[in-house]
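Single-structure report; data block below.
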Amino acid sequence: MRGCKYGTHRVVGENVLPQPAKKISNDMNIYDNEILIDVQALNIDSASFTQIEEECNHDVEKIKAKILEIVEEKGKMQNPVTGSGGMLIGTIEKIGSDLEGKIDLKVGDKIATLVSLSLTPLKIEEIVDIKSDIDRVEIEGKAILFESGIYAKLPTDMEETLALAALDVAGAPAQTQKLVKEGQSVLILGAAGKSGMLCCYEARKKAGKTGKVIGLVINKEQADFIKENDLVDEAIIVDAQNPNAVLNKVLEVNDGKEVDLSINCVNVSNTEMSTILPVRDGGIVYFFSMATAFTKAALGAEGVGKDVDMIIGNGYTKGHADVTLTALRESETLRNIFKNYTYN
């Protein structure tokens with residue numbers, strides 16, 4: 001039997017796509033155009049993991065129970081508060097008959113899915129371990145990739161953990177590469193996080209010597225870290241939930257000028273105006289953070305009279321996995337950071 005390429009045949013009781021659906025079927029008997037994955041780990045997106053961790057008071061057993069509860073209720077790992085998911089890694093167990101020989105996968109290939117867990121049918125048999133420092137949940141379980149689902153075969157020229165640490169935020173650096181122009185000034189909020197550091201690297205590469213990349217972080221440790229690793233031209237320490245303070249700090253380090261582009265990679269809420277306010281009229285605001293409330297962003301920009309183009313962070317752009325893996329291959333600094341990644 002063939003299902004919808006976008007997975008609507010898995011939606012329970014609603015006429016919607018799998019991502020906004022309240023519940024999807026996680027029956028692991030696959031349709032002819034689905035792929036069955038033996039899952040080893042879930043990389044929960046930072047906003048989602050942070051919310052769950054705080055709700056559970058950092059208690060690992062409570063975090064496990066919460067994740068199991070969500071998957072049991074929804075058939076997928078979609079945080080009911082943030083609406084976001086993450087990605088998974090696993091081994092191809094079975095390929096539907098309609099897809100055999102038509103895709104570049106075979107049974108036994110190890111992949112990272114590049115579609116959100118918020119739309120991926122998932123069944124967890126056991127949570128083996130929670131690695132809170134890297135938002136990783138090691139499990140025994142199964143998942144299904146729809147015909148339209150995107151993925152990356154794990155590269156053979158670098159450690160699996162290194163590739164995975166970067167691939168779950170691959171959309172951000174690839175979009176940054178497309179957006180930043182030579183000579184521009186760029187503000188990156190959450191610059192010491194995984195997506196933030198990759199964005200810093202791509203922004204500096206594209207802005208060039210005549211541009212300026214400003215990294216916003218929450219404390220001196222992070223500021224020293226991104227400066228010592230030459231990821232930014234300027235590091236500012238300021239609360240991303242305080243837009244006036246952010247604006248003043250940006251003007252201070254950018255010769256009294258607003259920036260051309262801002263990129264939000266933070267994992268906390270209420271940072272919309274701190275992303276918008278420091279950007280010049282005609283500039284671009286890119287929200288990669290899944291903690292963004294887009295109503296706040298739209299009405300907030302209107303309220304302060306900012307004529308800016310606002311882009312919703314799309315975790316997919318063509319070639320995004322290659323952009324991210326290329327950055328790791330190019331930069332020994334990034335490789336070393338991601339091998340020992342500790343910031344969220």
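Small disclaimer: the values here were computed from a predicted structure and weren't measured.
- Salt bridge annotation for Lys106-Asp109: present, with a cationic side-chain nitrogen under 4.0 angstrom from a carboxylate oxygen.
- Not one N or O on the side chain of Arg329 forms a donor-acceptor pair closer than 3.5 Å with the backbone of Asp157.
- Looking only at distances, no side-chain donor or acceptor of Lys66 sits under 3.5 Å from a matching main-chain atom of Cys56.
- Between Asp135 and Lys194 there is no salt bridge, since none of the side-chain N atoms of the basic residue sits less than 4.0 Å from a carboxylate O of the acidic one.
- When each of Lys212, Arg280, Lys181, Lys206 is tested with Asp260 by the rule salt bridge (Lys or Arg N to Asp or Glu O under 4.0 Å), just one qualifies, namely Arg280.
- Remark: the His9 side chain and the Glu34 side chain contain an N/O donor-acceptor pair separated by less than 3.5 Å.
- With salt bridges taken as basic N to acidic carboxylate O contacts below 4.0 Å, one links Arg136 and Glu138.
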Check step by step if salt bridge (Lys or Arg N to Asp or Glu O under 4.0 Å) holds for Lys131 and Asp133. CA-CA 6 Å; Lys131 296 187 181 297; Asp133 56 335; over 6 Å; no

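- Here the side chain of Gln78 pairs a donor or acceptor atom with the backbone of Gln19 at under 3.5 angstrom.
- Contact between Val180 and Ala203 at its shortest, heavy atoms only, is CG1-O, 3.8 Å.
- Between Lys110 and Glu160, at least one side-chain nitrogen of the basic residue sits less than 4.0 Å from a carboxylate oxygen of the acidic one, meeting the salt-bridge criterion.
- Residues Arg2 and Glu147 are paired through a salt bridge, judged by an N-O separation under 4.0 Å between the basic side chain and the carboxylate.
- Taking 4.0 Å as the cut-off between side-chain N and carboxylate O, Lys62 and Glu55 do not count as a salt-bridged pair.
- Both Leu99 and Tyr151 sit in one connected hydrophobic cluster of ILVMFWY residues. Membership requires side-chain heavy atoms under 4.5 Å apart, directly or through other members.
- The main-chain N or O of Ser269 is found under 3.5 Å from a side-chain atom of Gln241 such that the two form a donor-acceptor pair.
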